[in-house]
Every structure is written in C-alpha cells, then in structure tokens.
Amino acid sequence: MKLEQNDLLPLFSNTTIPDIFFTEYLPEANGDFIKVYLYILFLSRYNREIKINDLCKKLGLALPVIQNAIKYWEEQGVLTKKNTGFVLNSLQELELHNLYKPKAALSAKQLQQSAESQKRAKTIDCINNKFFSGLMPTTWYSDIELWFEKYGFDDEVMLALFGECFDKSALHRNYIQAVADSWSKNSIKSYNDLDHYYEKQEKTKKVASMISKKLTLSRPLSQYEFAYVEKWVIDFAFSFDIIEIALKKTTSKLNPSFDYIDKLLTDWHDRGFRTTEQVQKFLADMKQKNKDLKELEKMSYTPKMEKRSNYQKYEQRTYDNLNYLYANKVTQNLPETDYQLPGTNSIPSTLD
C-alpha cells in the first residue's frame, strides 16, 4: 500500500525555522544574508532549481550580495556545494556536532577540573541568565570553558567580558573572542588587573579628546590615531603636558600628522625623558646649539674675491689737469695725424 501526501499550495503550507537559528546564527549574520537564507530554505521544501540571477531579481539584491551570502553560509556549514547545486544542511545536526567538537579539544583532566569547579559552573549559569535570558546556545558552554583555560580569567573577569560585549550590543562569539584576546595581551587575569586596565583606557580617551580639541579636529580619532594615543599614554606613560609640547611643534608644519608627533614623542621616550622640564631643557639646548652653530658658520665665512680686471693690479695715476690726460693718450699711443676726436670728421693737426 502506497501512501502519498497531497502537495499543498504556498497559501496553506509552512516553512519551519529551527529555534537554533535565532539563538546561534541570526545575531551574527548580515540582514541581506538572512534574507537569502530564508528564501533558500523556502525553495528547498519544493525541490526547486533556481539560478543566482533569479535570486537577484526575486530578492532585489545585487549579484555580489547574493554571492557573498552564499559564500557566508557555506563557511558556516549551513550550505554544502555539490556538483549539481547546493544542499541545505540541518542546523540541529550542525550544532550537535559543534557541541561535542570543542569538548574534544579539552583533556580529560581539564574536563574533570571544570566539572568539579562549582564556582565556575555558577558563573556560566549567571552568564546564561543575565545575558541570554536563560536561552544560551549549548555551544557557548564549551566556548566559555575553553576561554577560562586559554586566558586564565577569574570568574569576575569572565562576567565583565560578557557584560562589556552585551552593553555594546555585540554578544557575538567572534567579537567576544577579540575582546578576550585584547585583555589577555594587556596581562589581565584578575579583576584588579581589569580595573587598572579600565583606568588606563579612561585616561587614554580623555587625552584623545584633548588632542582632538587642540588640533581642532571636527571628527573623532580613527582607530589608528587612537592606537598612537594608547602608545603615548600607556606604553610611554607620558602626561598630556608632554604630548602638548609635541602638538605645538606641528604649528610649523603644513600638514602635521600623528606620525610626525609620534616620531617626536618616541625620540623623547628613547632619551629617557619623563617630565616636561626635561623636554623643555632639551629643546632649549638644541635651539642654543643651532644658534651657536650658525654664528660659528658666519664667523668662518670667507667671501669670494671679486674678479678684477688687469688694470686694477697696477697703481693708478692721478691727474689734476684733464687736458694733460688727453695729451698723454695722444702723444703716447697714436700718431698725431691718425687721432680723430669723437664726433668729428676731421683730423686736427695739433692739440691744445
């Protein structure tokens, strides 16, 4: 006996979306990517074949957006590419696989220690209730366990980690991982370390705001510019008074940049300066040194001898009687009959 099911029209049919999609995939996915997934999920129920160009027209999305969406869901394991097209995988099976895969990365001893830690279990339960309303995806449990082992955070630091990401509406695995990496690079283990880190960050933000005001920037600092400020405030431990001296040096530049300011401050740091007095004395010494050098160059300057004609090498004669000059020239250089006065056409026989 063969049983067949009547094909229902779209008006009477339903497309089921697993709850795991809302807890695990929807928060991190782009809106257009979600749109593509839902439409593919709908088409998969009818075994329909559709081309990417048809998706563009149907969803009103550009071709690159459709291509990036398909690539994204492939990377998430939701879609699997076959020779004949794509297969839409079960989200429940994916999550079941991910649930046990991270645990395999932990040793039996680590798992046992984690299970015996009642305090850690309470921390994870607190994260679930406070930030996920008691609906935290099961994969997060293994992730939190791994982060405890990897970073060595205290329970209070782990709670603060989720609290910061929650406040920024970025409760996503990748973002939490990035923040955790940043805290680890700043040697944060205990809550005291985190409190000290927050103080330095607040100081950096304050200095960054003052720099923007001094440079009359009508925009917030970029990520790279803020990294410079962190370097000056945290790594160099410079006060704003020292940084302001460097800012004033940019007034002589047509296009002052943070790179130029950083070169000045790095040089002062390498010289071991810690106070404004040390920097000011160094700049005053450099100014006086340059002034002395210019004076020395001025004193040692020997002007080039002017080029002289041959007659200047001899002692010049002085004449009281101009008539004697003319007489002297005529009688010494020219025969009397050959000399012609300027402006005349005749040759005089004698000269008075």
Side-chain angles (χ1 to χ4, degrees), residues 14-38 41 69 72-73 75-79 88-106 110-186 188-191 193-195 197-198 201:
N14 299 298
T15 299
T16 304
I17 304 175
D19 289 343
I20 198 69
F21 173 79
F22 297 98
T23 60
E24 192 68 25
Y25 294 91
L26 186 142
E28 299 184 15
N30 178 282
D32 290 334
F33 295 175
I34 295 175
K35 190 176 181 180
V36 172
Y37 167 77
L38 294 178
L41 180 65
Y72 173 80
W73 292 118
E75 293 174 350
Q76 298 298 316
V78 176
L79 287 178
L88 193 64
N89 298 316
S90 170
L91 298 185
Q92 289 93 336
E93 290 184 6
L94 289 175
E95 290 309 305
L96 184 62
H97 175 72
N98 293 332
L99 177 62
Y100 290 98
K101 185 177 180 180
K103 285 188 175 181
L106 295 173
Q110 290 172 327
L111 287 173
Q112 183 179 2
Q113 291 175 346
S114 176
E116 293 173 353
S117 177
Q118 297 297 326
K119 185 178 180 181
R120 183 171 298 181
K122 291 181 179 179
T123 299
I124 297 176
D125 187 59
C126 181
I127 292 174
N128 178 29
N129 294 325
K130 187 173 182 179
F131 305 113
F132 293 92
S133 300
L135 298 175
M136 186 171 69
T138 53
T139 54
W140 284 91
Y141 289 89
S142 299
D143 290 335
I144 296 173
E145 289 282 358
L146 288 172
W147 291 337
F148 268 121
E149 299 296 334
K150 180 179 180 180
Y151 301 114
F153 291 158
D154 284 353
D155 296 271
E156 293 81 3
V157 174
M158 186 64 72
L159 278 171
L161 173 64
F162 276 83
E164 176 164 323
C165 297
F166 180 82
D167 292 339
K168 294 181 178 180
S169 301
L171 204 60
H172 314 315
R173 185 178 286 104
N174 292 337
Y175 186 81
I176 294 175
Q177 182 85 43
V179 176
D181 287 335
S182 176
W183 287 7
S184 180
K185 289 178 181 178
N186 284 275
I188 296 175
K189 301 292 184 182
S190 66
Y191 195 80
D193 298 333
L194 181 62
D195 189 50
Y197 171 77
Y198 278 142
Q201 287 295 309

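The side chain to side chain contact (heavy atoms under 4.5 Å, CB included) search around N30 returns D32, F33, not counting sequence neighbours. Applying the salt bridge (charged side-chain N to carboxylate O under 4.0 Å, His left out) criterion to K168, with sequence neighbours excluded, gives E164.
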Verify side-chain contact (heavy atoms from CB on, under 4.5 Å) between F148 and T123, making sure each step is shown before the conclusion.
CA-CA 11 Å; F148 268 121; T123 299; 4.2 Å; yes
Passes side-chain contact (heavy atoms from CB on, under 4.5 Å), Y197 versus D193? Steps please.
CA-CA 6 Å; Y197 171 77; D193 298 333; over 6 Å; no
Go through the steps for F22 and I17 under the test side-chain contact (heavy atoms from CB on, under 4.5 Å), then give the verdict.
CA-CA 9 Å; F22 297 98; I17 304 175; 3.7 Å; yes
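Not a single donor-acceptor pair under 3.5 Å links the side chain of D125 to the backbone N or O of A121.
Taking 4.5 Å as the limit, every side-chain heavy atom of L79 sits out of range of all side-chain heavy atoms of N89. Counting heavy atoms from C-beta outward, I144 and F162 have side chains that approach closer than 4.5 Å. Inter-residue side-chain proximity for Y175 and E28 is flagged as unmet; no heavy-atom pair is nearer than 4.5 Å. A heavy-atom distance below 4.5 Å is not found between the side chains of M158 and D155. Using a 4.5 Å heavy-atom cutoff, the side chains of N186 and Q201 are not in contact.
I34 approaches A29 most closely through the heavy-atom pair CG1-CB, 3.7 Å. D143 and R173 make their closest contact through OD2-NE, 2.5 Å (heavy atoms, listed as atom of the first residue, atom of the second, distance). Residues F131 and L171 approach most closely at O-CD2, 3.6 Å, considering heavy atoms. Contact record, F153 with I188: CE2-O, 3.3 Å, taken as the closest heavy-atom pair. In terms of heavy-atom proximity, I176 sits nearest to C165 at CG1-SG, 3.6 Å. The two atoms that bring C126 and L159 nearest to each other are SG-CD2, 3.9 Å, heavy atoms only.
Ring centers of Y37 and Y25: at least 6.0 Å apart, outside the cut-off.
In this structure, CD on Q177 lies 4.5 Å from NZ on K150, to the nearest 0.5 angstrom. Once rounded to the nearest 0.5 Å, the distance linking CG of N129 with CD1 of I124 reads 12.0 Å.
Applying the 6.0 Å contact sphere to OH of Y191 captures no more than 12 heavy atoms from other residues, nucleotides or ligands. When the shell of 6.0 Å around NZ of K130 is examined, it contains 12 or fewer heavy atoms from other residues, nucleotides or ligands.
Taking the six-membered ring where the residue is Trp, F132 and W140 present tilted rings, their angle falling between 30° and 60°. Between W183 and Y198, the ring planes are perpendicular. Angles over 60° get that label, and only those under 30° would be called parallel.
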